[in-house]
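First comes the structure, then the notes that go with it.
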Amino acid sequence: MKLASWNVNSLKVRLPQVLEWLARQNPDVVCLQETKLENDKFPALELEAAGYRCVWSGQKTYNGVAILSRRALATLATEMPAFADEQKRVISASIGEGADAIRVICVYVPNGQAVGTDKYEYKLRWLAALRAWLEQELRSAPRLAVLGDYNIAPADEDVHDPEAWRDRVLCSVPEREAFKKLLGVGLKDAFRLFAREEKSFTWWDYRTNGFKRNFGLRIDHILLGQGLATECRACVIDLEPRRAERPSDHAPIMAELEA
DNA sequence: ATGTCTCAGGGACTGAGA
């Protein structure tokens with residue numbers, strides 16, 4: 001089974017690329033972030049025609065998340081417990097039935113804008129709520145996968161120029177501590193389970209010709225509960241969509257699970 | 001490199017967010 005996550009930066013603009021990518025990679029489950037679509041604008045028919053059932057939670061202009069699945073899926077939540085939030089940043093679903101069923105959570109963690117701003121404080125509060133939620137989820141659903149744009153580069157090796165990014169948003173110590181606490185509830189960073197090429201990233205700034213120079217960050221992650229981590233055979237970043245005309249600023253990341 | 005992309009409001013551009 002192939003699980004994937006992709007921040008598409010507008011599903012309206014990116015739909016043709018998403019359909020092309022689904023046909024090429026044939027993932028079983030896909031978590032999308034930054035759909036930027038109100039719920040009644042979600043392109044469910046086009047995605048169903050491509051063989052995917054979908055659940056989504058969106059809003060006008062900003063944010064918005066969705067889960068696509070080849071198999072039947074059911075929405076479990078579109079908010080974190082005990083965290084009132086107008087911003088549509090999470091959706092969870094159960095996929096499959098019986099002993100091999102999995103629970104998938106799609107997250108779009110706040111960007112945080114800059115260290116010390118209100119948006120940064122919101123990001124840290126949001127991450128604390130996420131940690132509490134995941135801890136609770138793992139108790140009832142150990143076969144858990146949490147995919148998305150975390151807007152955190154966990155370590156210096158996830159940054160093209162660590163000194164330039166030192167203590168800046170996406171790389172600051174409190175954000176990295178919050179990420180470690182997510183792992184601490186019993187999750188593995190799938191990308192870290194395998195030997196990695198140096199300078200493997202999932203996001204490159206549009207502004208600085210960042211992709212061509214590989215000035216990127218690894219901020220999109222697939223976290224797996226222990227059971228799924230044991231079944232994980234590979235985790236790769238697909239650079240091809242970032243080479244397209246009018247690409248998203250993010251590339252998809254994919255994990256291959258046994259069976 | 002206040003470097004680009006996307007969206008909304010409003011009908012050309014500006015501002016927000018990333």
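Throughout, protein chains are lettered first and strands after them, A, B, ... in sequence-line order, and every chain is numbered starting at 1. Here the structure is a predicted model, which is why all the values come from computation and not from measurement.
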Note to self: Students often get this wrong, so: under 4.0 angstrom with heavy atoms, is A/F211 touching a base, only sugar-phosphate, or nothing?
What the structure shows: nothing

Next item on the list: For A/R242, answer base if it contacts any base atom (sugar-phosphate contacts may also be present), sugar-phosphate if it contacts only those atoms, and nothing otherwise; contact means non-hydrogen atoms under 4.0 Å.
Entry: nothing

Protein-nucleotide distance ([X], atom [atom1]; [N], atom [atom2]), rounded to Å:
| X | N | atom1 | atom2 | result |
| --- | --- | --- | --- | --- |
| A/N111 | B/dT4 | CG | C1' | 15 Å |
| A/D118 | B/dA18 | CG | C1' | 17 Å |
| A/W204 | B/dC5 | CH2 | P | 16 Å |
| A/I219 | B/dA18 | CD1 | P | 12 Å |
| A/N209 | B/dC5 | CG | P | 10 Å |
| A/K88 | B/dG17 | NZ | P | 18 Å |
| A/Q113 | B/dG15 | CD | C1' | 13 Å |
| A/E245 | B/dC5 | CD | P | 11 Å |

Measuring only the [atom1] atom in each nucleotide, how far is [N] from [M]? A whole number of Å is fine.
| N | M | atom1 | value |
| --- | --- | --- | --- |
| B/dA12 | B/dC7 | C1' | 16 Å |
| B/dA16 | B/dG10 | P | 15 Å |
| B/dG11 | B/dT6 | P | 24 Å |

Note to self: Nearest 0.5 angstrom please: A/Y150 OH to A/I222 CD1, how far?
What the structure shows: 9.0 Å

Side chains of [X] and [Y]: closer than 4.5 Å at any heavy-atom pair?
| X | Y | result |
| --- | --- | --- |
| A/H221 | A/L182 | no |
| A/Q33 | A/V8 | no |
| A/L193 | A/K188 | yes |
| A/L228 | A/I102 | yes |

Checklist line | Cation-pi geometry met for A/R70 and A/Y52 (6.0 Å, 45°) | finding: yes

Notebook entry, point to check: Which salt bridge (Lys or Arg N to Asp or Glu O under 4.0 Å) pairs, counting each pair once, include a residue from residues 10-27 of chain A, with sequence neighbours left out?
Noted result: A/R24-A/D238

Note to self: Quick check: on DNA chain B, is the nucleotide nearest A/D249 upstream (toward 5') of the one nearest A/D205, or the reverse? Name the residue that is more 5'.
What the structure shows: A/D205

Next item on the list: Please tell me which of A/E34 and A/T208 maps to the more 5' nucleotide of DNA chain B, matching each residue to the nucleotide holding its nearest heavy atom.
Entry: A/T208

Checklist line | Nucleic acid footprint by protein, nucleotides 6-14 of chain B - heavy-atom cut-off 4.0 Å, B for base, S for sugar-phosphate alone | finding: SSSS-----

